[in-house]
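Structure first, commentary second.
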Amino acid sequence: MPVSATFPKPTIMPLGDSAVLVRFGTSLSDAANRATIALAALLDAAPIAGVVEIMPNLVSLLLRYDPLLTAPASIEGELRLRLFGLDEAAEASQRWSIPVSFDGPDLDEVAAALGISTAAFVTAHNANPLRVLATGFAPGFVYCGLHDGLVLPRRQELRASVPAGSVLFAAGQTAITATAMPTGWHVIGRTSFNNFDPTAHPPTQLSAGDRITFTVAP
Amino acid sequence: MSAVLKITRAGPLTSIQDLGRFGMLRHGISASGPMDRMAYLAAGQLAGGGQGGLEFTMAGLELTLASGRCRVGFSGGNFVIRRNGQALAWDGTAELNPGDTLAITPGAWGNYGYLRFDGDIAVPPMMGSIATSSRAGLGGLDGRALRVGDVIELSGSGGAPSLPLIAERQTGPIRVIWGIHADLFAPNIRQRFLDVSFSISSRLDRMGVRLEDRAEVFAHSSNLSLVSNAIVPGDIQILGDGTPIVLMRDHQPTGGYPRIATVITADLDRFAQLRPGSAVAFQPVTLEHAQALLRGRP
């Protein structure tokens with residue numbers, strides 16, 4: 001069955017005078033995220049003239065354009081043509097296995113809040129491959145999801161800084177940091193997988209739509 | 001041609017910039033680039049267009065030409081510039097010989113100024129650009145602000161200098177296009193946003209400029225948490241505590257606070273130059289009008 005059967009209808013709106021936002025939803029849903037990733041793959045394969053950069057996020061996609069080369073009306077027209085073809089769009093999907101040391105300061109608390117043992121949490125966390133829902137929040141940062149049944153809100157308090165390679169958990173998602181940053185997510189572990197090298201081309205390896213299997217680091 | 005500059009005094013936000021590191025949003029990196037793009041371009045024309053330039057702030061800058069020769073062009077807000085103690089006309093250009101010093105102090109208005117040279121600033125490009133990103137900590141000199149003792153090499157030679165077309169500075173309200181979340185604000189809040197005057201707070205940097213909302217337009221907005229979307233420079237985001245912040249060149253790539261409006265490209269340079277304490281009012285324009293203002297610009 002084509003995934004498009006469940007794709008929500010997008011809203012196309014200007015974002016400033018040099019970008020258009022295509023929004024498939026106003027809250028995170030599996031369908032809106034899959035539609036965003038499918039459209040990004042389509043636009044990568046068949047770019048729109050005058051569009052200089054696209055950036056898929058959780059449920060929306062940014063198209064940055066040169067206002068001297070094109071106009072929003074013609075971008076919208078081209079977008080509609082491509083949205084018709086969203087049916088056949090193959091989701092980009094590289095597969096990765098990422099080893100995690102499950103020793104984060106919040107791990108036991110997370111398991112307890114979910115009413116399971118720490119070992120059971122790790123097993124459930126790693127049971128199914130997750131999709132990279134979005135990149136771009138920070139260099140090399142990825143959101144992965146969505147967990148089935150493993151859903152907790154963020155922490156009440158912000159941690160001022162967690163190091164690169166932190167494995168975070170909240171809102172039915174697992175995220176991996178590639179730079180040090182503050183976070184309100186639960187820190188459940190760390191990985192040696194490095195998704196940001198500013199000297200590499202491209203500087204990150206994981207793309208939205210990729211499938212990730214988390215494993216327990218030896 | 002080559003020359004070596006030595007920084008002898010630098011404010012905390014002095015950085016190497018070029019036009020920006022575009023195309024890296026997916027990798028989590030916003031473009032950076034000059035806070036006042038037109039002034040950066042004007043300084044480049046005055047100098048003869050070598051790659052990159054130095055962006056400095058009201059805290060000023062002082063440097064010495066350690067060796068070689070170069071021509072320097074300067075533009076931006078209003079600053080006082082002295083070569084070996086002698087004041088030069090601002091904006092302008094000067095030839096530097098070994099041992100010459102340039103000292104820059106703030107003038108009547110503006111936050112940012114630019115020094116550009118006839119040679120290229122010789123630092124390794126990162127993802128195709130030498131612009132310093134204060135957010136990602138990359139580009140420029142080791143991804144950081146310039147400081148006393150830094151040595152900057154100039155290599156190659158640029159083109160011939162030319163007289164830049166320095167457009168007269170616009171005054172009046174900062175023009176905006178309604179934002180992607182404008183519909184989440186009640187009609188009376190949207191109207192008040194246009195009717196009142198905000199002021200530029202002292203909390204401003206290359207990432208964003210916080211506004212003081214003395215009229216308390218947004219003081220009682222509910223703390224909405226939204227799914228995050230891409231951000232563009234000029235987006236006016238209302239933080240959880242009701243503080244409006246205008247996101248600038250080193251902006252976060254995505255954000256989850258509601259955005260009421262976006263400053264148009266033609267007014268972003270002018271907005272960046274508003275000093276803390278300045279009053280600022282916003283005026284909505286159509287997308288077509290905002291884009292028409294971009295035609296005929298470099």
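Residue numbers begin at 1 in each chain, while the letters A, B, ... track the order of the sequences. This one's a predicted model, so the numbers in the text were calculated from it and none came from an experiment.
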Donor-acceptor table for chain B and chain A, threshold 3.5 Å:
from     : atom 1 : to       : atom 2 : distance (Å)
B:Gly23  : N      : A:Glu53  : OE1    : 3.2
B:Met24  : N      : A:Glu53  : OE2    : 3.1
B:Leu25  : N      : A:Glu53  : OE2    : 2.8
B:Arg26  : O      : A:Thr135 : OG1    : 2.8
B:Arg26  : NE     : A:Ile54  : O      : 3.4
B:Arg26  : NH1    : A:Asp44  : OD2    : 3.1
B:Arg26  : NH2    : A:Asp44  : OD1    : 2.6
B:Arg26  : NH2    : A:Asp44  : OD2    : 3.2
B:His27  : O      : A:Gly140 : N      : 3.2
B:His27  : ND1    : A:Thr204 : OG1    : 2.5
B:Asn229 : ND2    : A:Ser60  : OG     : 2.5
B:Ala230 : N      : A:Asn57  : OD1    : 3.1
B:Thr265 : N      : A:Asp17  : OD2    : 2.7
B:Thr265 : OG1    : A:Asp17  : OD1    : 2.5
B:Thr265 : OG1    : A:Asp17  : OD2    : 3.2
B:Gln291 : NE2    : A:Asp17  : O      : 2.8
B:Gln291 : NE2    : A:Tyr65  : OH     : 2.7

Practice item. Answer with side chain, backbone, both or neither: which region of B:Ile264 has an atom nearer than 4.5 Å to a non-hydrogen atom of chain A? Key: both
Exercise for review: Measure distances from A:Ala138 to the heavy atoms of chain B and classify the residue's part below 4.5 Å as side chain, backbone, both or neither.
Suggested key: backbone
Review point. Chain B heavy atoms under 4.5 Å from A:Phe137: which part of the residue, side chain, backbone, both or neither?
Key: both
**Study point:** Closest-packed option against chain B by number of heavy-atom pairs under 4.5 Å, given A:Ala71, A:Ala178, A:Pro72, A:Gly140
**Key:** A:Pro72
Exercise for review: Check whether A:Leu15 gets within reach of chain B through its side chain, its backbone, both or neither, counting any heavy atom under 4.5 Å.
Suggested key: both
Exercise for review: Looking only at non-hydrogen atoms, find the nearest pair between A:Pro14 and B:Leu287 and report the distance.
Suggested key: CB-CD2, 4.0 Å
Check your understanding: chain B heavy atoms under 4.5 Å from A:Ile54: which part of the residue, side chain, backbone, both or neither?
Key -> both
Review point. In terms of heavy-atom pairs under 4.5 Å with chain B, which of A:Pro198, A:Ala200, A:Pro67, A:Pro56 leads?
Key: A:Pro198
